[in-house]
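Okay, structure first, notes after.
Atoms within a ligand are numbered from 1 in the order they appear, just like the ligands themselves.
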Amino acid sequence: MANVAVVGAQWGDEGKGKVVDWLAERADVVVRFQGGHNAGHTLVVGENVYKLSLLPSGIVRGTPSVIGNGVVLDPWALRDEVERLGEQGVEATPDTLRIADTCALILPFHRDLDGLREDASGAGKIGTTRRGIGPAYEDKVGRRALRVCDLAHLDDLGPQLDRLCAHHDALRAGFGEAPIDRDRLLADLREIANFVLPFAKPVWRDLNAARSAGRRILFEGAQGVLLDVDHGTYPYVTSSNTIAGTAAGGSGLGPSAVGFVLGIAKAYTTRVGSGPFPTELDDETGERLGTRGREFGTVTGRKRRCGWFDAVLVRQSAAVSGITGIALTKLDVLDGFETISICTGYRLRGEELDYYPAHARDQAEVEPIYEVMEGWSGSTAGARSWADLPAQAIKYIRRVEELIRCPVALVSTSPEREDTILVRDPFAN
Ligand code: IMP
C-alpha cells in the first residue's frame, strides 16, 4: 500500500484541493509539509464551498490532519481559518488537527516586510501573496525564528527575541518604519498561544507510528514545482521546496515513506504573480481560458495569467519531483476550442531546447514551439469514465502523456468531487 504525495506540477492553482479531498476519503491522515497560508485550496462539496489556505484539506472530511514542521505558521491566520470553517460546520479540534511544535512562526513584522519589499521593488516585484512567507522562511534558515514550541516559553525568550528584533528593526529602519513594539508583540503572542498550544505536538511521532501501523498517509503539497525555490523560475518563486521530496523532510518521516507521487496539472497553464511564462496568451484565447476556467486567485483574488499547456515544463516538473502519475484537471475548460496548442519545445536565439533553462533572462526569452491539435465539439464537463469523453479529448490526453513521459492517473472534469475519471489508483500502487 503506497502513501501518496500530491504536488502541483505547474505554478500552483492546478486544482490540488479537489484531488486531495477526493483522495482524503481513503486516507487515514492528511499532512501539509511546506508553505503556509499563501496556498489557496477550494473544495466544492455539494452546495458547500470551502476555502482553505493553511489547514490540510482532510479537515473537511474529518480525516485526522497534520501541519508538518516544513510549514510556516501564522497563528492568527490559523485561528481565523479554524473559526471560519467552524461557521461552516467543520470543527478542527486537537483530535482532528495536530501542528508540529517545530513549525516556524509567521509574525506580524514578516507580513510588513513582505509588503514593504514588494512595494519598493517596482517592476521587479515578485508578486508575492504578501503574507510574510518569504521573510518567515528567511528567519527559520537564519536561525532567528520563533517556533510553535516557543509559545509555551514566552517568558524565557530573552536573547532569542533580542536577536530577532534587532535583525528586523534594522530592516525596518531601512524602510523608514518604527521598530517592533516588543510589549505588544509579547502580549499578542500570549493571547494567541492559548489557542495554538492545544494543537501543538511532536507530530513526527504520530506520523511514524501511523506509518508503522500501515495507515495511509496523504501528503498535501502547496503551490507547484515551478514555484520551488531550487527548481522553479527563480527568483519568481515561493520560499520553500515544493517538490515531493519535501514531503518527508517537512513532516518528519524518511524518504521511503512517500510512495506514489501524484502531480497535478491543468490541461492548460496559469500563473499568478510575476515571472516568465513561455506559453502565456495575452489575447482573446487567454481571456477565454481565464473566463471559462474562472481563473482568479483563491487567496488574493488576483486575475491569473493564462496560456496553453506547456509539456516541456510539466515534463521537467515530473522529473525533478519524481512524479509517478499525473492528475489532469480542468479538461472541460478546453471544450469547444477549434484547435488546441501544446508547447513541445523552445527556441532560444536560434537553438532548440527540450528543457527550461536556468537563467531568468533565458527563461524570459525562450519562444515556445507548438504542436496544434484539433479540438472537440462535445462536452467533457462532468465526465466520469473514458466512455464519456469525445475521442479527440482522449487523443489530447494521450498526446500529453507522451510528451511529458508520465502516465495520467486521474482526469478531473469539474470542481465536483465525483466528476473524476480514475485511471490508476494512487493508493493501490
Ligand atoms: P509567496 O509564496 O507569497 O512568497 O509568493 C511567491 C510567488 O508564489 C508569487 O508569485 C505567488 O503568486 C506565488 N504563490 C504562492 N502561493 C501560491 C499558490 O498557492 N498558488 C499559486 N501561486 C502561489
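Of all protein heavy atoms, the one lying nearest to atom 20 (N) of ligand 1 is D13 OD1, 3.1 Å. The nearest protein atom to atom 3 (O) of ligand 1, hydrogens excluded, is given as T129 OG1, 2.6 Å; this is a heavy-atom distance. Q223 CG, 3.7 Å is the protein heavy atom nearest to atom 15 (C) of ligand 1. Atom 2 (O) of ligand 1 has its closest protein heavy atom at T238 OG1, 2.6 Å. Of the protein's heavy atoms, T128 CA, 3.3 Å lies nearest to atom 5 (O) of ligand 1.
Residue nearest to atom 9 (C) of ligand 1, selected from G127, P235, S53: G127 (by heavy-atom distance). Taking all heavy atoms of T233, L227, N38 into account, the minimum distance to atom 14 (N) of ligand 1 is reached by L227.
The residue from Y346, Y268, Y370 that alone fulfils the side chain to side chain donor-acceptor pair (under 3.5 Å) condition with D310 is Y346.
Ring planes of H110 and H168: perpendicular class, angle over 60° (limits at 30 and 60°). In this structure, F337 and W308 have perpendicular ring planes: the angle between them is above 60°, well past the 30° mark.
Residue V272 places at least one N or O, backbone or side chain, under 3.5 Å from an N or O of ligand 1. By the 3.5 Å distance cut-off applied to N or O atoms, R302 is counted among the residues near ligand 1. When only interatomic distances are considered, the shortest N/O to N/O separation between S239 and ligand 1 does not fall below 3.5 Å.
A side-chain donor from one of D335 and T380 sits under 3.5 Å from a side-chain acceptor of the other.
Enclosure of atom CZ in R215 is not indicated, since only 12 or fewer non-hydrogen atoms of other residues, nucleotides or ligands lie within 6.0 angstrom. The neighbour count for R347 CZ, taken as heavy atoms of other residues, nucleotides or ligands under 6.0 Å away, does not exceed 12. Taking a 6.0 Å sphere around CZ of F175, one finds it holds more than 12 heavy atoms contributed by other residues, nucleotides or ligands.
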**Request:** May I have the step-by-step check of salt bridge (charged side-chain N to carboxylate O under 4.0 Å, His left out) for R349 and D362, ending in yes or no?
**Result:** CA-CA 9 Å; R349 294 175 215 113; D362 293 344; 2.7 Å; yes

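Using a 4.0 Å cut-off to heavy atoms of G40, the atoms of ligand 1 that qualify are 19 (O). Of all atoms in ligand 1, listed by their number and element, those nearer than 4.0 Å to a heavy atom of W11 are 21 (C), 22 (N). Ligand-side atoms of ligand 1 in range of I126: 10 (O), range being under 4.0 angstrom from any heavy atom.
Salt bridge status for R84 with E87: absent, with no side-chain N to carboxylate O gap under 4.0 Å.
With a 4.0 Å heavy-atom cut-off, ligand 1 is reached by the backbone of V237 but not by any atom from C-beta on. In Y236, neither the side chain nor the backbone holds a heavy atom less than 4.0 Å from any atom of ligand 1.
One distance of note links OG1 of T96 with CG of L55; it measures 9.0 Å at 0.5 Å rounding.
Not a single heavy atom of R131 sits closer than 4.0 Å to an atom of ligand 1.
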